[in-house]
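In this text the structure is predicted, and so the values were computed from the model without any measurement.
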Amino acid sequence: MQSIKLTKTSWRLLLGVSALSAITLSASAEDQTASKDMSPPALFGYMVSQQVGLDQLGFSDEEKAEFLKGFQSGLKGGSMEAIEDQLPQLQQFLQQRAMAAQAKEMAKEKEATQVFIEDLEGNPDVQKDDTGFYYEIIEEGDGDAPTMSDDVVVNYEGSLIDGTVFDSSYDRGEPATFPMGGVIPGFSGGLAKISEGGKVRIYIPSDLGYGDNPPPQSPIPPGAMLIFDAEIVDVVSPDAGE
């Protein structure tokens, strides 16, 4: 197998990806110990320490000390060429830590989802579809009912079980148009429970949503249950224009 040679540019990209992954995984409350009187260089150093995400990557206190030691060595004028032959090993180390951190977050998310589902099943207003998603009809509507071959004009808000809103047509100021067969199964299934003018709240387990692979750059964590408050504004049949 040909060894991978990381250039300065690709190494910077790797660090960027690692930092971005750490930021995504660190949705918990941030450390509030930063002083308001920090100088700009000190603030930049603090920002870097937060973005690297050592806690999220599972670094022990000893490993943090080693990280700081390497950081200080680099500040003294070290070159990338001096450590270039060790970069593949470091890349593997960071990937393993990132995967372990993601697995931990997924387990935490699924545990919280299970508790949430237990509460749903005790709610008499919430029904469960045979495919596995849950729904609560707010208004049934009195217009056309959508089929899987229709397009629907929908106002909606998507959120996580902790209340985090990840998408909203209301925030954009206009409804969105979707093909019923072109969205995640739980969403189209929930819309099929109402008619034009109706409103529904849909609770979608991850296996009927994005599973463990949410859209890139999305605030949706792997394994997350999705909640949609949706209102059908219009149903557009494919033969409506004929």
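- With Leu226 as the partner, the side-chain contact (heavy atoms from CB on, under 4.5 Å) test is satisfied by one option alone out of Phe133, Tyr210, Tyr203, Phe187: Tyr210.
- In terms of heavy atoms, Ile227 sits closest to Leu160 at CD1-O, 4.0 Å.
- Partner of Tyr134 under the side chain to side chain donor-acceptor pair (under 3.5 Å) criterion, chosen from Glu121, Arg201, Gln127: Glu121.
- The two residues Leu191 and Ala230 have their closest heavy-atom pair at CD2-CB, 3.8 Å.
- Within the cation-pi definition used here (under 6.0 Å to the ring centroid, within 45° of the axis), Arg97 qualifies as a partner of Phe59.
- Nearest approach of Pro205 to Gly132, heavy atoms of both residues: CG-O, 3.5 Å.
- In this structure, Ala176 and Ser169 approach most closely via the heavy-atom pair N-CB, 4.4 Å.
- If you take CG on Asp167 and OG on Ser159, they are separated by 10.5 Å, rounding to the nearest 0.5 Å.
- Atom CD of Glu157 is separated from atom CG of Asp229 by 6.5 Å, given to the nearest 0.5 angstrom.
- Side-chain atoms of Val233 and Asn155, non-hydrogen and from C-beta on, do get closer than 4.5 Å to each other.
- The closest side-chain heavy-atom distance from Gln89 to Ile83 is not below 4.5 Å.
- Side-chain atoms of Leu54 and Glu63, non-hydrogen and from C-beta on, never get closer than 4.5 Å to each other.
- Within the 4.5 Å cutoff, the side chain of Leu87 has heavy atoms near those of the Met80 side chain.
- No donor-acceptor distance shorter than 3.5 angstrom exists from the side chain of Asp119 to the backbone of Phe116, with no hydrogens or angles considered.
- No side-chain heavy atom of Val115 sits under 4.5 Å from any side-chain heavy atom of Thr113.
- Annotation: side chain of Ile117 is in contact with side chain of Met225 (closest heavy-atom distance under 4.5 Å).
- The side-chain heavy atoms of Leu208 and Thr131, taken from C-beta on, include a pair separated by under 4.5 Å.
- Ile184 approaches Gly209 most closely through the heavy-atom pair CG2-O, 3.7 Å.
- Nearest approach of Glu196 to Asp234, heavy atoms of both residues: OE1-OD1, 3.4 Å.
- Here Phe166 and Phe228 bring their ring centres to under 6.0 angstrom of each other.
- Put simply, NZ on Lys199 and CD on Glu231 are 4.5 Å apart, with the number rounded to the nearest 0.5 Å.
- No side-chain heavy atom of Pro214 sits under 4.5 Å from any side-chain heavy atom of Pro221.
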